Amino acid sequence: TFSLVVFDPPHLINTIGNGNVAKYYGVLPSDWREELRKGFAECFRVLKPSGTLIFKWNECRIPVREILALTPEKPLFGHKTGKLSKTHWICFIKPI
């Protein structure tokens, strides 16, 4: 188990071709909701009680509210960054 986990999944969908962004960062599969749901579940499974999960998401395609709906856990706080404030850094604490 870990005290800190960082979850930074790909955030692109429907990418056509072999663009550099897709090549470097990956693309979400067609069943991305289920994949991200499983990703959150795995992050919380390996966290120690009171452990911290840092989640990074860019809203270029999918709003962060849709992503947060994929986990029953509630974030402690979040912060927007970037020129257009589309990147979200969100902190969760695993319950004891």
Side-chain angles (χ1 to χ4, degrees):
T1 58
F2 300 92
S3 298
L4 174 68
V5 172
V6 177
F7 185 24
D8 182 10
H11 55 267
L12 296 175
I13 56 173
N14 302 327
T15 301
I16 299 171
N18 296 321
N20 284 338
V21 174
K23 183 168 60 171
Y24 296 140
Y25 300 109
V27 178
L28 289 168
S30 58
D31 64 341
W32 62 267
R33 286 179 182 85
E34 185 58 26
E35 287 294 310
L36 292 178
R37 191 175 285 115
K38 288 178 184 177
F40 275 114
E42 181 65 7
C43 288
F44 282 101
R45 185 188 74 77
V46 301
L47 268 177
K48 292 180 179 180
S50 297
T52 303
L53 169 63
I54 302 298
F55 175 68
K56 178 181 170 263
W57 187 255
N58 185 289
E59 286 189 313
C60 69
R61 299 281 194 285
I62 306 165
V64 73
R65 70 179 177 281
E66 286 186 37
I67 304 305
L68 294 179
L70 300 174
T71 180
E73 306 298 334
K74 299 300 175 210
L76 185 60
F77 62 88
H79 178 72
K80 294 181 193 179
T81 62
K83 213 179 230 186
L84 302 173
S85 294
K86 288 190 172 201
T87 298
H88 295 256
W89 295 88
I90 301 168
C91 180
F92 295 84
I93 302 294
K94 182 176 180 176
I96 296 176

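Predicted, not measured: the structure shown is a model, and the values here were computed from it. All values below were derived from every heavy atom in this structure, side-chain atoms included, with hydrogens, water molecules and symmetry-related copies excluded.
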(message) Would you say Ile13 ends up clustered with Phe40 if hydrophobic residues are merged whenever their side chains have heavy atoms under 4.5 Å apart, either directly or through other cluster members?
(response) yes
(request) Using a 4.5 Å cut-off on heavy atoms from C-beta on, say whether the side chain of Lys56 contacts that of Pro9. (result) no
(request) Quick one: closest heavy-atom pair of Val27 and Pro10, and the distance? (result) N-CB, 3.8 Å
(request) Evaluate the side-chain proximity of Ile62 to Leu28: yes if any heavy-atom separation is below 4.5 Å, no if none is. (result) yes
(message) Using the rule that Ile, Leu, Val, Met, Phe, Trp and Tyr join whenever any side-chain heavy atoms are under 4.5 Å apart, tell me whether Phe77 and Ile93 fall into a single cluster.
(response) yes
(request) Report the distance from atom NZ of Lys86 to atom NE2 of His11, rounding to the nearest 0.5 Å. (result) 10.0 Å
(request) Could you check if a side-chain atom of Ile90 sits within less than 4.5 angstrom of a side-chain atom of Trp57, using non-hydrogen atoms only? (result) no
(message) If I take atom CZ from residue Phe2 and atom NZ from residue Lys94, how far apart are they, to the nearest 0.5 angstrom?
(response) 12.0 Å
(request) Inspect the contact between Glu66 and Arg33 and indicate whether a charged nitrogen and a carboxylate oxygen are less than 4.0 angstrom apart. (result) yes
(request) On the 0 to 90° scale, with breaks at 30° and 60°, tag the Phe92-Phe55 ring pair as parallel, tilted or perpendicular. (result) perpendicular
(message) When you compare the side chain of Thr81 with that of Trp89, does any pair of heavy atoms fall below 4.5 Å?
(response) yes
(request) Measure the shortest side-chain to side-chain distance between Thr71 and Phe44 over non-hydrogen atoms and say whether it is less than 4.5 angstrom. (result) yes
(request) Measure the CZ-CD distance between Arg45 and Glu42 for me, rounded to the nearest 0.5 Å. (result) 4.0 Å
(request) Examine distances only and state if a side-chain atom of Lys80 and a backbone atom of His88 form a donor-acceptor pair shorter than 3.5 Å. (result) no
(request) Before giving the answer on side chain to side chain contact (heavy atoms under 4.5 Å, CB included), spell out for Trp32 and Ile67 the whole-Å C-alpha distance, their side-chain angles and the decisive distance to 0.1 Å. (result) CA-CA 10 Å; Trp32 62 267; Ile67 304 305; 3.6 Å; yes
(message) Once rounded to the nearest 0.5 Å, what's the spacing between atom NE2 of His79 and atom OG of Ser85?
(response) 7.5 Å
(message) Less than 4.5 Å apart, side chain to side chain, heavy atoms only: is that true for Phe7 and Ile54?
(response) no
(message) Donor-acceptor check, side chain of Glu59 to backbone of Val64, threshold 3.5 angstrom: yes or no?
(response) yes
(message) Measuring only between side-chain heavy atoms, which start at C-beta, is Leu53 closer than 4.5 Å to Cys91?
(response) no
(message) Are the side chains of Val5 and Thr52 in contact, using a 4.5 Å heavy-atom criterion?
(response) no
(request) Specify the closest pair of heavy atoms between Thr1 and Leu47, including all atoms of both residues, with the distance to one decimal. (result) CB-C, 4.4 Å
